[in-house]
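Heads up: the structure comes next, in structure tokens.
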Amino acid sequence: MMNDPAQPLFLGLDSSTQSLKAVAIDADLRIAHEESVNFDADLPDFDTQGGVHHGSDGLTVTSPTLMWVAALDQLLARMQSAGFEFSRVVAISGSGQQHGSVFLRRGARQTLARLDPDKPLRVLLAEAFSVADSPIWMDSSTGTQCAQREEALGGAQATADLTGSRAYERFTGNQIAKVYETQPAAYEETERICLVSSFISSMLAGDYVSIDAADGAGMNLMDIRGRTWSQPALDCTAPDLRSRLGAVVASHTVVGAIHPYYVNRYGLLPTCKIIAFSGDNPCSLAGLRLQHSGDIAISLGTSDTMFGSLTDPQPSASEGHIFGNPVDPEGYMAMVCYKNGSLTREHVRDHFADGTWDGFNNALARTPPGNNGAIGLYIKEPEITPPILKPGIHRFDSSGSAVDAFGDGADVRAVVEGQFLSMRLHGGNIGIQPESILATGGASANEAIVRVLSDVFGAPVYTAEIPDTASLGAAYRALHGWRCQQAAAFVPFSDVMADAPAFRKCADADMAAHEVYTALLPRYVEHEAAVIAG
Ligand code: XUL
């Protein structure tokens, strides 16, 4: 359907690891425009691979902050050349790769306030950063700082109870602690620390913009229940940190209006609102319209991820993360990430089926739910949930004995069942109780795999083919924030999404099979513990 040129538009931006994307929707949720800038290909002078630079220690991973600035110039200019009607945009929100940090030097606030529309942002902000290379989520160089944090806060579980996650290397508080320890002069020079999300919105507003409670939870600094900075967590990070962070706001908050720079240069409306930006995973939750507690998404991609809305989070030191919910200021989202996903299923397909998905699916068809008691853990990549660093295949027969091989087809069923039992176990451990599952990613197209997923959880599975859930979710959040502002009250996200087309149901649980998995789960727990213990 055509977009009505008189209708307002809502713009979502997504500053991810490899690219900056934009998607504009109208109030009926129809996509009006899409555009993107790829960091490696379109900004070659920054010389990144996959948008990042790897340090020589093998642990440090950064991105040049100015590259994200230059990408915004380029994205908006491309949209203008394509004839995008900026004057129809009434609200902008956005998504940023989680955990990445931007260090703005003293005086940068004034620089932002005085952006000169005759010059590109990358020229105007060239001197604005006290740390030129932003640490990003792929960095794992802060082991020392993580240990210090958990020590100071009373242990891993206490850290999780307070902040929603135990101390993780990529989480921003640990990155800030490292900057303070290794570059004290740069920290001293720093006026403001933004997340990627709040940095892009700060550029648009021409002023420092608050961090939202969903992305803020990825820092190990926020009290997850109070949704404000935790003083003990700030104290074990760096001095005078609170004033460098600004406030935490609910994700639907209008945090400012567009700066005149963009009105002059691109024809945006001076009244265009900026809605708090958030992290990419929270924005994906919005993009997949997971609005009720128990709505869960499982992305079956290179690595598998499970996330969803919940009201009663149980932060755990062993697995997963709790964040604020990006579309419900009272709610939470939980997320569990796996390293072993499609590549591991493909490995089993290639070694224990005939190398085809038909062969894989035939193996599933000729083995029963529960695999006659056979259980396997297939660790091709060092796993994070649960932490099992050493690759290997661990097989247990129905009597619980470790065995070297399984019978016909059983490895195929064991890899799929093992992955989903692990999600049921570890998701359940942090409070995820799926009532309906939205499957995304490559393997969600495989009905045989999706059937096992539905049976393991005892919940219906729907599929969604939405390529860019983070940027779309950012656009939905722009609409949501704008609707709340118009109503001068919180409007439930489900009201805003009411006319969205329903997702396609692809499996209903077979409850007899579900009972088999429920009975098998304690044995899975036992074998997993044995593998972790080595
Ligand atoms: C989440 C995480 C990544 C980044 C980049 O904790 O580290 O998913 O958000 O996408």
Side-chain angles (χ1 to χ4, degrees), residues 49-50 52 54-55 57-61 137-141 143 146 156 166 168-170 298-306 316-321 335-357 359-360 363-364 367 371 374-397 400-407 409-427 429 441-443 446 449 452-453 456 520-521 523-534:
Q49 277 86 46
V52 310
H54 290 270
D57 61 358
L59 299 173
T60 303
V61 185
W137 66 278
M138 293 161 76
D139 184 282
S140 53
S141 67
C146 288
R166 71 161 165 80
Y168 282 91
E169 281 86 348
R170 66 190 192 285
I298 294 182
S299 159
L300 300 171
T302 311
S303 48
D304 290 347
T305 307
M306 170 190 213
S316 160
S318 317
E319 64 257 295
H321 309 295
M335 179 167 88
V336 184
C337 303
Y338 290 88
K339 275 264 169 73
N340 288 276
S342 284
L343 295 180
T344 304
R345 290 184 286 271
E346 280 164 25
H347 179 83
V348 170
R349 178 198 66 188
D350 294 345
H351 289 83
F352 305 104
D354 61 5
T356 69
W357 287 117
F360 190 93
L364 280 177
T367 48
N371 216 4
I375 291 178
L377 279 86
Y378 295 75
I379 312 294
K380 192 172 175 298
E381 308 290 327
E383 183 52 78
I384 40 180
T385 311
I388 301 173
L389 297 182
K390 197 162 152 241
I393 297 180
H394 308 271
R395 297 181 183 84
F396 301 91
D397 68 12
S401 305
V403 292
D404 288 335
F406 278 156
D411 279 287
V412 167
R413 183 164 279 281
V415 68
V416 177
E417 292 187 344
Q419 289 179 335
F420 296 157
L421 283 169
S422 172
M423 289 182 188
R424 181 169 161 189
L425 169 68
H426 295 289
N429 284 353
N446 183 322
I449 292 179
V452 180
L453 180 65
V456 167
L520 208 59
L521 195 56
R523 275 198 47 225
Y524 176 83
V525 174
E526 191 184 311
H527 295 320
E528 190 196 83
V531 172
I532 297 169

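Quick note: numbers below take in every heavy atom, side chains included, and nothing from hydrogens, waters or symmetry partners.
One N or O on the side chain of Thr367 and one on the backbone of Ala363 form a donor-acceptor pair closer than 3.5 Å. Distance alone, capped at 3.5 Å, places no donor-acceptor pair between the Glu169 side chain and the Ser141 backbone. In this structure, Tyr338 contributes its side chain and Ser422 its backbone to a donor-acceptor pair below 3.5 Å. Asp139 places no side-chain N or O within donor-acceptor distance of the main-chain N or O of Arg170, the cut-off being under 3.5 Å. Distance alone, capped at 3.5 Å, is enough to place a donor-acceptor pair between the Asn340 side chain and the Lys380 backbone.
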For this session: Go through the steps for Asp411 and His351 under the test side chain to side chain contact (heavy atoms under 4.5 Å, CB included), then give the verdict.
Result: CA-CA 9 Å; Asp411 279 287; His351 289 83; over 6 Å; no
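A cation-pi contact, defined as under 6.0 Å to the ring centre and within 45° of the axis, is absent between Arg349 and Phe352.
Listed here is the closest heavy atom pair of Pro386 and Glu528: CG-CD, 3.5 Å. Between Glu383 and Leu389, the shortest heavy-atom distance links the atoms O-CD2, 4.4 Å. The minimum heavy-atom distance between Ile379 and Ile388, with the atom names listed, is CG2-O, 3.8 Å. Residues Ser342 and Leu300 come closest through the heavy atom pair OG-O, 3.9 Å.
None of Leu377, Ile298, Val456, Asp304 except one satisfies the side-chain contact (heavy atoms from CB on, under 4.5 Å) rule with Gln419; the exception is Asp304.
Contact annotation: the side chain of Met335 approaches that of Thr305 to within less than 4.5 Å [non-hydrogen atoms, C-beta and beyond]. Between Phe420 and Met306 the shortest side-chain heavy-atom distance does not fall below 4.5 Å. Taking the side chain as every heavy atom from C-beta outward, Arg413 and Val452 approach each other to under 4.5 Å. His54 is listed as a side-chain neighbour of Met138, based on a closest heavy-atom distance under 4.5 Å. Side-chain contact between Ser140 and Leu59 is present, with heavy atoms from C-beta onward closer than 4.5 Å. In this structure the side chain of Ile384 never reaches within 4.5 angstrom of the side chain of Tyr168, judged on heavy atoms.
Taking the side chain to side chain donor-acceptor pair (under 3.5 Å) definition, one finds that Glu319 meets it with Ser316, His426, Asn429, sequence neighbours left out.
Rounding to the nearest 0.5 angstrom, the gap separating the CZ atom in Phe360 from the CZ atom in Arg345 is 7.5 Å. With rounding to the nearest 0.5 Å, the separation of CG in Asp397 from CG in Asp404 is 11.0 Å. Interatomic distance, Ile375 CD1 to Tyr524 OH, rounded to the nearest 0.5 Å: 8.5 Å. With rounding to the nearest 0.5 angstrom, the CG atom of Leu521 is 11.5 Å from the CZ atom of Arg523.
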